[in-house]
> 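Mind looking over this structure? Questions follow.
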Protein chains: 2
Amino acid sequence: MTHHVASQKRVWNFSPGPAVLPLEALEEAQRDLLALPGVGASVLEISHRSKIFESIIQAAEDNIRKLLKIPNNYFVLFLQGGARLQFGMIPLNFLRQTGKTAEFIVTGSWGAMALKEAQTQGPVRAIWDGKAEGYRRVPRPEEYRPSPDAAYVHFTSNETIEGVQFRVEPEVGDLPLVCDASSDFLSRPIPIERYALLYAGAQKNAGPAGVTIVIIRDDLVRRCPEDLPSMLNYRKHAEAKSLLNTPPCFAVYMVKLVTDWLLRQFGDLQKVHEHNQRKAAILYEVIDHSNGYYRGHAHPEHRSLMNVTFRLPNESLEKKFVSEADKAGFMHLEGHRSVGGCRASIYNAMPIEGVQALKEFMIEFQKNNPA
Amino acid sequence: MTHHVASQKRVWNFSPGPAVLPLEALEEAQRDLLALPGVGASVLEISHRSKIFESIIQAAEDNIRKLLKIPNNYFVLFLQGGARLQFGMIPLNFLRQTGKTAEFIVTGSWGAMALKEAQTQGPVRAIWDGKAEGYRRVPRPEEYRPSPDAAYVHFTSNETIEGVQFRVEPEVGDLPLVCDASSDFLSRPIPIERYALLYAGAQKNAGPAGVTIVIIRDDLVRRCPEDLPSMLNYRKHAEAKSLLNTPPCFAVYMVKLVTDWLLRQFGDLQKVHEHNQRKAAILYEVIDHSNGYYRGHAHPEHRSLMNVTFRLPNESLEKKFVSEADKAGFMHLEGHRSVGGCRASIYNAMPIEGVQALKEFMIEFQKNNPA
């Protein structure tokens with residue numbers, strides 16, 4: 001049998017999020033959980049106004065700035081509420097009362113949800129929607145045309161459920177480009193200067209659930225309206241350097257440990273990207289060489305490097321696949337409950353050994369379970 | 001010298017929040033941080049849709065229901081954003097567009113902040129405000145009179161900064177009573193049926209920063225408006241049983257461990273309350289027997305059992321007190337930056353030994369540092 005159980009009886013965790021974290025980061029958190037060195041209290045117990053916590057959140061920000069080469073005219077904020085709260089905060093700040101329309105390029109379920117949530121605050125429009133095609137690809141630039149006076153254009157860089165990923169940013173001219181990067185954040189280099197606002201729940205590539213990273217250009221921050229509760233106003237968070245109220249301290253600490261690990265292990269996001277490309281290629285090769293036994297969901301050139309979505313010849317084989325994989329130490333290979341099928345999420349912290357082990361399991365499963 | 005350094009070099013942590021956690025809960029979290037027993041992955045890495053996480057969040061809810069004897073017509077929600085987001089969510093749901101006024105009994109800095117945030121969404125009115133008296137007490141029922149058609153009446157059961165605590169709920173007749181219980185949640189029994197909505201950031205008595213517990217009566221849930229993003233709508237959270245999106249899994253897990261400990265260690269909140277009364281009495285006795293060297297801030301009958309606020313004869317002695325205490329292993333005895341002075345926060349997880357050690361330190365300090 002081709003499974004692997006690490007020390008501490010850890011399985012290969014293909015969860016779409018919350019997802020596998022680097023073992024080194026977990027070990028460091030475990031070692032210091034009762035008392036941070038030199039502090040005498042757990043990171044779970046220290047004041048967010050203490051020097052030690054200020055140095056932790058600053059280090060987390062510095063690491064993210066370094067990895068993404070973020071220009072100085074952008075703020076990096078640590079917020080709560082997940083991408084889902086951003087679905088609301090963005091239109092509350094930048095759509096409501098503007099008389100403009102928020103425009104969406106919808107390449108999967110999360111983009112559709114972002115549009116629906118924005119609709120509570122003002123007019124929205126999908127300038128491209130892949131639903132009729134089953135969300136299998138991203139559009140070519142000639143397939144969509146934002147209004148010249150749109151409030152902003154929103155897209156989802158990687159659709160976790162369908163496994164569809166943009167290779168390059170959509171072309172929107174001078175319009176503010178807003179991106180939900182929850183599931184490919186810190187997985188590859190991106191030109192931040194093309195974005196007005198980029199947000200990501202940490203729980204795929206950057207840390208545990210409970211903290212959302214928002215990278216926002218200063219001109220947007222200046223435009224936040226006055227009539228919002230402060231927690232919903234990006235300017236208040238920017239002015240307070242993410243310490244408007246008690247932040248999710250432990251989740252921020254874990255983001256520091258995970259980004260420390262990225263810098264130590266890879267050095268930069270180009271190297272992270274190459275590693276992720278190698279991992280994804282291993283699984284897509286199994287799929288493409290299975291004589292149609294495994295069928296990838298997305299068009300090959302728009303396949304996600306993060307979420308490898310695929311079907312088996314029928315649902316009963318899919319169930320058997322997920323269940324046998326689970327027994328063999330490969331956790332959470334089921335597709336999202338809304339679409340079914342199978343999905344292997346292989347974020348930054350999934351080692352190449354885990355992907356190779358899954359490859360062997362897939363080949364073996366096909367042999368033992370002919371269609 | 002009268003300080004104590006526990007195993008793992010832990011100090012006595014008097015932080016106002018995030019605050020000391022039960023050592024047993026930290027030890028359990030540490031033991032299982034790389035892999036939950038029988039799961040093979042860290043609680044930081046598991047899907048929030050997994051059976052194991054569902055059992056964790058259900059156990060946390062069950063524990064809170066048991067401790068507070070919560071009737072079935074109340075929902076218990078685990079949200080994000082801290083009490084500060086509640087300052088906004090409550091008026092967004094229950095003030096805006098009602099044509100009514102939200103009324104506040106203001107007994108300290110947090111109540112004043114709650115009023116200010118609500119003001120962004122509609123008319124507000126302080127029906128009693130202790131500011132002119134320096135926030136030293138709570139009002140008698142005859143000192144305030146809510147409007148018969150107020151949207152709701154809000155109060156802060158314990159003011160963390162000033163150290164002022166309600167002993168019994170304000171009298172508001174049939175009006176919806178809304179309470180920020182952030183800093184005395186789970187510290188004593190309360191009659192939940194008198195409340196329409198009670199909320200608390202976990203990071204004082206119930207867990208780490210990053211999760212907010214909201215207890216809300218079903219008739220309020222039914223009144224939530226449709227035009228809000230779902231993350232700001234209590235009904236959406238209630239319908240989804242706090243799993244509308246990825247919750248702050250680790251913080252919820254810690255709430256489970258902390259409430260497990262409360263039930264194991266004390267059995268019920270009456271016992272927790274008696275323990276907290278004993279601890280507070282030790283420190284207030286030092287203050288009251290110091291011949292005016294230590295001066296308590298609040299009127300004796302309104303003193304907080306959670307946050308013991310006091311002054312020394314002058315600011316330079318206060319600085320010396322905080323600094324020497326810190327060296328002796330008593331962390332975070334400084335008052336809030338907005339009011340100065342000293343403050344010892346002695347939430348549920350502060351052992352009586354820590355309070356006794358601080359008592360001795362205070363007596364010794366007075367001897368060695370005459371006014």
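Model, not experiment: these values are computed from the prediction. Letters A, B, ... mirror the listed sequences (proteins, then strands); counts begin at 1.
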> Looking at L244(B), L79(B), D32(B), which one has more heavy-atom pairs under 4.5 Å with chain A than the rest?
L244(B)
> State, without any angle test, whether S183(B) and N158(B) hold a side-chain donor-acceptor pair at a distance under 3.5 Å.
yes
> With a 4.5 angstrom heavy-atom cut-off, which part of L232(A) approaches chain B: side chain, backbone, both or neither?
side chain
> Using 30° and 60° as the class limits, which term best fits the ring planes of H336(B) and W110(B): parallel, tilted or perpendicular?
perpendicular
> Relative to chain B, which of L33(A), V39(A), V211(A) shows the most heavy atom pairs under 4.5 Å?
L33(A)
> As an exercise: rank R49(A), K116(A), M254(A) by heavy-atom pairs under 4.5 Å with chain B and give me the winner.
R49(A)
> Checking Q119(A) against chain B: side chain, backbone, both or neither under 4.5 Å from a heavy atom?
neither
> Considering only heavy atoms from C-beta outward, does the side chain of F87(B) approach that of M231(A) to under 4.5 Å?
no
> Can you confirm whether M306(B) sits close enough to T160(B) that some side-chain heavy atom of one is under 4.5 Å from a side-chain heavy atom of the other?
no
> Among G201(B), S230(B), G88(B), P91(B), who wins on heavy-atom pairs under 4.5 Å with chain A?
S230(B)
> So what's closer than 4.5 Å to chain B heavy atoms on M89(A): side chain, backbone, both or neither?
neither
> Just checking, any donor-acceptor pair under 3.5 angstrom between side chains of E334(A) and H332(A)?
yes
> Less than 4.5 Å to any heavy atom of chain B: does that hold for the side chain of A19(A), its backbone, both, or neither?
backbone
> Relative to chain A, which of G17(B), P248(B), P18(B) shows the most heavy atom pairs under 4.5 Å?
P18(B)
> Is the ring centre of Y234(A) less than 6.0 Å from the ring centre of F94(A)?
yes
> Can you classify the ring geometry of F14(B) versus F330(B) as parallel (below 30°), tilted (30 to 60°) or perpendicular (above 60°)?
tilted
> Given a strict heavy-atom distance threshold of 4.5 Å, which part of L36(A) is in contact with chain B: side chain, backbone, both, or neither?
neither
> Is it the backbone or the side chain of P37(A) that comes under 4.5 Å from a heavy atom of chain B, or both, or neither?
neither
> Relative to chain B, which segment of F250(A) carries a heavy atom at a distance below 4.5 Å: side chain, backbone, both, or neither?
side chain
> Given side chains that start at C-beta, do those of E45(A) and S15(B) come closer than 4.5 Å, heavy atoms only?
no
